[in-house]
Amino acid sequence: MLSSKKIMFFLSVFLYSVMLTQFSFIDVADDGAFFLRYAENMLNGEFWVWNLGEPPIWGASAPLYPLLLAIPMYLGFSPEISIFSIGIILSGLSISLLVAYSSKYLGFLPALVLLLLLTSSPNFIYYSYIGLESPLTYILIVLGTWGLISNRSWCFIGIVSGLLMIHKLDMIPVSFLLLFSFYIKNKNMFYKAFLLALSIGVIWYVFSLFYFGYPLPNSFLTKILYQNDIPKVISMDWFSSLVFLYGIRPILLFFAVLSLFDKQYRPISFFLGGLIIVHTIAYTLKYPFEPYNWYAMPSILSLCILSSIGLSVALNNRYLIKFSSFYRNVYLYLTIIYLCIMVYFSYLNFFKSVKPINAFTNAMHDWAEAGRWVDNNTPKDFRVYTMWGNPAFYSHRYVIDGSFLNRSFEENNLINSLNPEVLILGIDPGTTSNNPGFFVLSEAKNNNYKVVMTVEKFWHPGFSVLVRKDVLHLLN
């Protein structure tokens, strides 16, 4: 007979799979293509290199993720299958393990609610497969939570904490939160876990200093130092509104607070609650110029976990024993009815949100198609200027990264100074494919380019390939 843990594991796999079918798999998210370019170059023997033959650069801010993608690519799987499958496997394991062990430690109902909360979050499911680093973030947070609740060894906690330090800069404080949460549970073994985690982190950052020439991601430096003048389309409450006010999350916050009332769960509350607080402060004080919603996924995952713990506390007989069985049953039934209503509206919101998310995902196809056209129709030695990941990856050319996420920042106009043969650009809003405008070219002194093709199947007003006029005769 299957245990409740196994039942919840397989139910999680099933429900996650069903929700995935609602999304488009036409092409990867644009930043995900950055990872694919690094992974592809790794298969050519050059690690963390943007253009083959150039010095390495820590461009994509999650350095472990292209290493993972390189594994299935090495085994012969296509880049698309590799990046989708890695995301789905890591995310599916995260959800299934988390829910299965929640049923063991919190009870069947809180575990079921946790499963429904995660699978009814459109952003959580979308970022679980689309090509960004979120799946690795999910599994590390889940492993940290599991390590605390099931009393894993100091070695386990130390390794997870060390990997968090390397995975992303905003996970470094989370790594220390995990270590100090372990200290609350096991003071004697804390120092061993701390030294192991610190050793893993120090090895990576010392390696980075010598290998890349600096111990921080180039993409991070660009965003912090050189994107301050870009007009922002979001305000400073973007992160807090997404985490705490979207949909039913105010209710989740109430249940999350209840997790503090049971002493046995306080280390987890410190770990996950601390993550939410640290990220909220960081992304309120320093928020991006556009909504990078995947930045909020660690906090949303943590909020869902804490709310399920809070629900377990609310249903715990230790707190209800002083009431008669009648009032306990009334309380239980009302809570279940309330949860059913809450989950219903959560799924209702999910299906309303899928369509615009898929529309944006489909737009990535146009960006990728522009890159594929360059790959099929231009000489191999042509250089491409673009600011986006999909055109960069699918062009399979030497790429001049105009976003400076994968290239050290330069004040001068790269089109003027490097005179690339090809430009892959998005058409400016307010203009059309018949009379396109490109703000990058308006800043260039020598506008010696001609539009040779435009893709506007999904992305409007379109995505164009421009070729320098003196090399037009070399096109296939």
Side-chain angles (χ1 to χ4, degrees), residues 12 16 32 35 60-69 71 83 85-102 114 118 121 123-125 127-182 185 193-194 196-205 217 220 243 267-279 282-283 294-306:
S12 299
Y16 173 58
F35 292 124
S61 59
L64 299 178
Y65 210 55
L67 285 173
L68 285 175
L69 300 180
I71 296 171
I83 200 166
S85 60
I86 287 291
I88 290 170
I89 290 169
L90 290 177
S91 301
L93 280 174
S94 299
I95 296 171
S96 302
L97 289 174
L98 181 63
V99 171
Y101 278 92
S102 294
L114 176 57
L118 293 177
S121 171
N123 278 323
F124 184 84
I125 300 297
Y127 290 118
S128 76
Y129 82 91
I130 198 59
L132 301 177
E133 70 277 2
S134 298
L136 185 53
T137 309
Y138 295 165
I139 195 70
L140 290 175
I141 292 173
V142 167
L143 289 175
T145 304
W146 177 59
L148 291 174
I149 200 169
S150 61
N151 297 311
R152 296 291 99 183
S153 69
W154 64 268
C155 186
F156 181 88
I157 296 295
I159 291 173
V160 174
S161 299
L163 292 175
L164 283 168
M165 288 183 189
I166 298 173
H167 174 48
K168 289 194 72 179
L169 289 185
D170 65 0
M171 288 290 119
I172 293 177
V174 177
S175 170
F176 286 103
L177 286 167
L178 176 58
L179 288 168
F180 286 112
S181 299
F182 181 67
K185 292 181 70 72
F194 180 83
L196 176 58
L198 197 62
S199 299
I200 294 172
V202 167
I203 288 171
W204 167 256
Y205 287 99
F220 170 78
V243 174
I268 298 174
S269 299
F270 181 80
F271 170 48
L272 299 177
L275 183 157
I276 295 170
I277 292 169
V278 168
H279 281 193
Y283 292 119
W294 68 95
Y295 285 14
M297 293 307 105
S299 293
I300 290 171
L301 172 60
S302 300
L303 183 63
C304 290
I305 297 172
L306 289 176

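In what follows, every heavy atom counts, from backbone to side chain, and hydrogens, waters and symmetry copies are set aside.
- In summary, the side chains of D170 and Y295 do not present any donor paired with an acceptor at a separation below 3.5 Å, with no hydrogens or angles considered.
- Considering only heavy atoms from C-beta on, I141 comes within 4.5 Å of P298 through its side chain.
- The shortest side-chain heavy-atom distance between L148 and L178 falls under the 4.5 Å cut-off.
- Taking OG of S85 as the start and CG of L69 as the end, the distance is 8.5 Å to the nearest 0.5 Å.
- Under the 4.5 Å side-chain criterion, counting only non-hydrogen atoms from C-beta, I200 is in contact with I166.
- Taking every heavy atom of both residues into account, I86 and L68 meet most closely at CD1-O, 4.0 Å.
- When atom types are taken as modelled, the side chain of Y138 and the backbone of F124 share a donor-acceptor pair closer than 3.5 angstrom.
- The CG atom of L272 lies 11.0 Å from the CD1 atom of I277; values are rounded to the nearest 0.5 Å.
- For the residue pair Y16 / S128, a side-chain donor-acceptor distance below 3.5 Å is found, with atom types taken as modelled.
- Looking at S175, its side chain never comes within 3.5 Å of a backbone N or O of M171 through a donor-acceptor pair.
- Rounding to the nearest 0.5 Å places CZ of F176 at 13.0 Å from OG of S181.
- Residues W294 and N123 are not in side-chain contact: their nearest non-hydrogen atoms beyond the backbone lie 4.5 Å or more apart.
- Rounding to the nearest 0.5 angstrom, the gap separating the CG atom in L143 from the CG atom in L163 is 9.0 Å.
- Two residues are said to be in side-chain contact when any heavy atoms from C-beta on lie closer than 4.5 Å; L169 and P217 meet this criterion.
- For the pair T137/M297, no side-chain contact is recorded, criterion being any heavy-atom separation below 4.5 Å from C-beta on.
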request  = Could you please spell out the steps behind the side chain to side chain contact (heavy atoms under 4.5 Å, CB included) verdict for Y283 and V243?
outcome  = CA-CA 11 Å; Y283 292 119; V243 174; over 6 Å; no
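- Closest heavy-atom contact between H279 and S299: CB-OG, 3.7 Å.
- Heavy-atom minimum distance, G273 versus L306: N-CD1, 3.7 Å.
- Across I83 and G32, no two heavy atoms sit closer than the pair CD1-O, 3.5 Å.
- Residues satisfying the side-chain contact (heavy atoms from CB on, under 4.5 Å) test with S153, not counting sequence neighbours, are C155, F156.
- Separation of atoms CZ (R152) and CD1 (I159) is listed at 12.5 Å; rounding is to 0.5 Å.
- Counting only heavy atoms from C-beta outward, the side chains of L136 and I139 approach each other to under 4.5 Å.
- Between the CD1 atom of I95 and the CG atom of L90 there is a distance of 11.5 Å, given to the nearest 0.5 Å.
- In this structure, the side chain of K185 does not engage the main chain of N151 through any donor-acceptor pair within 3.5 Å.
- Residues satisfying the salt bridge (charged side-chain N to carboxylate O under 4.0 Å, His left out) criterion with K168, sequence neighbours excluded, are E133.
- The aromatic rings of Y65 and F35 stand perpendicular to each other, their planes meeting at an angle above 60°, with 30° marking the opposite boundary.
- By the 4.5 Å heavy-atom criterion applied to side chains, L301 and L98 are counted as neighbours.
- Tested against S102 for a side chain to side chain contact (heavy atoms under 4.5 Å, CB included), the candidates I149, T145, L114 yield a single pass: L114.
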